[in-house]
Amino acid sequence: MTEQATVNPSNPVKKRSQLKAIWFRYRKNKLAMFGLALFLSLVLVAASSGLFLDYDTQVIEQRMRERLQPPSSEHWFGTDQYGRDVFARVVWGTRISLFVGVFTVTIALTVGTLFGALAGYYGGTVDNVLMRIMDIFLAMPGTILAVAIVGALGPGLVNVLLAMAIARIPQFARIVRSAIISIRGQEFIEAAKACGTRDGRIIMRHILPNAIGPIVVQVTLHMATTILGVAGLSFIGLGIEAPTPEWGSMLSEAKEWMRYHPYLMVFPGVAIILSVLSLNLIGDGLRDALDPRMKN
Amino acid sequence: MEERLLEIKDLHVEYVTDEARVFAVNGLDLTVNRGETVGLVGETGAGKTTTALSVMRLLPDLVGRITRGSIILDGIDITRATEADMRLIRGEAVSMIFQDPMTSLNPVMTIGEQIAEVLHLHEKYDTKEEVEHRVDEILRLVGLPPERKGEYPHQFSGGMKQRVVIAIALACEPKLLLADEPTTALDVTIQAQVLQMVRELKEKLNTAMLLITHDLGVVAQTCDRVGIMYAGEIVELGTAEQIFQKDERHHPYTVGLFGSIPDLTRKTRRLSPIEGLMPDPTDLPPGCRFHTRCPHRMPVCEVESPRPSYNGGHLIRCHIWDDRRCSQ
């Protein structure tokens with residue numbers, strides 16, 4: 001009973017959380033912090049755009065007399081071929097892209113985690129059936145799959161969301177499955193079973209929290225690819241339909257005016273680059289921060 | 001006669017893989033009475049852990065299987081219970097301490113949460129305050145300051161982690177505690193502390209314990225009765241005094257085990273280990289399982305499995321001590 005002597009019993013219960021340790025490591029990565037700042041400002045822009053922009057009069061209303069103006073103090077990013085303010089449209093586009101990214105990844109994460117968890121935890125036939133289905137999806141390139149799904153369902157926000165989500169389910173299923181398999185065999189899982197814990201609870205309370213690292217990294221990286229994917233679909237006319245100011249469809253419209261009005265292309269392009277870049281930087285930073293071997 | 005808590009009869013356990021069938025436990029009989037400590041001693045691969053896992057019914061899915069025999073725990077046949085019943089039995093009637101405290105705690109949950117979880121699973125207390133109060137109480141019982149319940153396993157030393165593991169195992173005051181080499185991963189001074197604590201707690205809570213170990217020293221300190229296991233069978237079973245008494249009758253394997261540990265009272269230049277290795281459990285020898293390594297081998301040992309002979313509750317499974325054979 002000598003070990004307890006080192007602790008002062010009057011100490012209050014202290015809970016030094018893992019989150020704090022991760023944040024401490026993340027903070028040291030300057031690029032990752034830049035990514036986080038960039039992403040947070042994009043979120044701020046998306047959240048506040050509704051407050052100072054009126055969708056009907058400022059984002060989609062056509063004013064043919066003001067068409068194709070270069071950037072000025074009145075129209076910071078200029079105006080497009082229908083006289084719409086490009087700044088307002090790019091800002092509004094942030095809402096669309098972030099919403100699509102978050103929503104798609106949420107669906108893909110939920111369904112993928114469910115499949116991956118069942119396959120990884122139970123193994124055997126369950127694993128084989130689920131993962132072979134996932135393999136069928138993985139055998140097709142994600143964009144082609146999304147094009148096929150949108151082609152079948154028709155364009156539109158909801159269908160694009162579904163298409164992007166379905167194309168990403170197998171990726172999450174694989175990540176979660178491999179994480180679960182590596183944790184399932186550990187002794188604390190057996191110990192949890194020995195206490196009479198139910199399978200569902202073991203997966204939710206004991207396995208998934210231990211696998212959160214690789215999953216979180218995948219979430220950020222997939223949000224980036226989703227934003228890019230949606231822009232791509234919209235660019236080829238299969239994504240979100242006009243006049244909704246989606247960055248990809250703005251690029252698509254602008255390509256006809258590229259020679260004399262290049263700013264029409266530059267601003268939505270930069271917006272796509274910034275959002276994808278910020279998420280990739282966050283993902284890389286998190287990967288390093290969550291890896292205990294990087295601890296110092 | 002004391003009341004029986006655990007009665008294992010003719011237990012056979014197999015592991016079936018693509019390559020082979022492994023006969024891990026072959027006809028094991030064992031009883032544990034209430035409040036008693038029974039030691040199970042044997043080499044690696046003798047089937048000790050398999051026996052404990054069978055009692056918990058936690059043999060690896062798809063691979064491990066109880067093929068014959070019964071395990072009666074407090075009147076319930078474990079081999080026939082449903083999975084839902086087993087979940088209630090595990091943790092409440094019987095709980096297990098695993099070998100390595102470093103890996104048997106969830107690294108991302110605080111130790112307080114992990115203790116509270118068992119209580120929660122078995123719905124021991126209604127309010128959060130009661131659970132927290134009980135967690136503090138259990139921590140104090142195993143000699144840890146309750147103030148540290150908000151900390152994570154990596155903030156504790158090995159000995160303290162094993163205390164947490166024991167706290168979890170004893171939280172619901174089980175009738176039977178299965179301790180699978182609870183001190184193997186600890187260094188000797190901590191080992192002594194933990195054993196001392198387990199003994200005291202057992203006394204206090206009147207818990208029976210099945211202690212699995214390959215350390216005869218630990219057995220001598222802790223156990224009321226001892227079973228010596230070899231190739232999935234109990235070859236000798238008796239009270240600790242009977243087993244440790246040098247001039248008693250013993251199974252040749254037991255003699256070999258004691259010959260392999262240094263004796264402080266005698267001057268010997270060399271230890272005398274048992275020659276050879278444990279037989280391949282996928283291909284067990286006929287007759288007595290030990291005959292391939294036995295120094296007193298007789299022709300009958302190679303063909304006929306020895307029957308157990310009793311001498312005042314002291315069981316030996318060997319042809320040498322089979323009186324029926326000696327009288328012939």
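Lettering of chains follows the sequences in order, A, B, ..., and the numbering in each one begins at 1.
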Heavy-atom proximity to chain A below 4.5 Å, by part of B:Leu53: side chain
Counting only heavy atoms from other residues, nucleotides and ligands, does the tally under 6.0 Å from OH of A:Tyr26 exceed 12? yes
Around A:Phe34, counting heavy atoms of other residues, nucleotides and ligands shown, do more than 12 lie under 6.0 Å from its CZ? no
Please check if the number of heavy atoms outside A:Lys193 that lie under 6.0 Å from its NZ is greater than 12. yes
Beyond-backbone contact of A:Phe188 with B:Pro153, side-chain heavy atoms, under 4.5 angstrom: no
Would you say A:Arg95 has more than 12 foreign heavy atoms packed within less than 6.0 Å of its CZ? yes
Return the minimal non-hydrogen interatomic distance between A:Ala194 and B:Met56, and the atom names on each side. O-CE, 3.3 Å
Salt bridge check, A:Arg201 against B:Glu117: does any charged N sit closer than 4.0 Å to a carboxylate O? yes
Do the side chain of B:His122 and the main chain of A:Gly196 share a donor and acceptor less than 3.5 angstrom apart? no
Return yes when atom OH of B:Tyr15 has more than 12 non-hydrogen atoms of other residues, nucleotides or ligands closer than 6.0 Å, and no otherwise. yes
Within a reach of under 6.0 Å around CZ of A:Arg132, are more than 12 heavy atoms found that belong to other residues, nucleotides or ligands? yes
Which atoms form the tightest heavy-atom contact between B:Leu58 and A:Glu190, and what is the distance? CD1-O, 4.1 Å
Around A:Met140, counting heavy atoms of other residues, nucleotides and ligands shown, do more than 12 lie under 6.0 Å from its CE? yes
The interface call for B:Ile89 against chain A, heavy-atom contacts under 4.5 Å, is neither
Could you tell me whether the side chain of A:His206 reaches within less than 4.5 Å of the side chain of B:Met109, counting heavy atoms only? yes
In terms of heavy-atom pairs under 4.5 Å with chain A, the winner among B:Met96, B:Met102, B:Glu83, B:Arg90 is B:Arg90
Atom of A:Ala191, atom of B:Phe98 and distance for their closest heavy-atom approach: CA-CE1, 3.4 Å
If you look at every heavy atom in A:Cys195 and B:Leu121, which pair is closest and at what distance? O-CD1, 4.0 Å
For B:Arg134, does the CZ atom sit with more than 12 other heavy atoms under 6.0 Å from it, leaving out its own atoms? yes
Test log, rule side-chain contact (heavy atoms from CB on, under 4.5 Å), inputs B:Thr103 and A:Gln186: CA-CA 7 Å; B:Thr103 58; A:Gln186 289 187 30; 5.6 Å; no
Chi angles and distances behind the side-chain contact (heavy atoms from CB on, under 4.5 Å) call for B:Arg87, A:Thr197: CA-CA 7 Å; B:Arg87 274 200 299 273; A:Thr197 316; over 6 Å; no
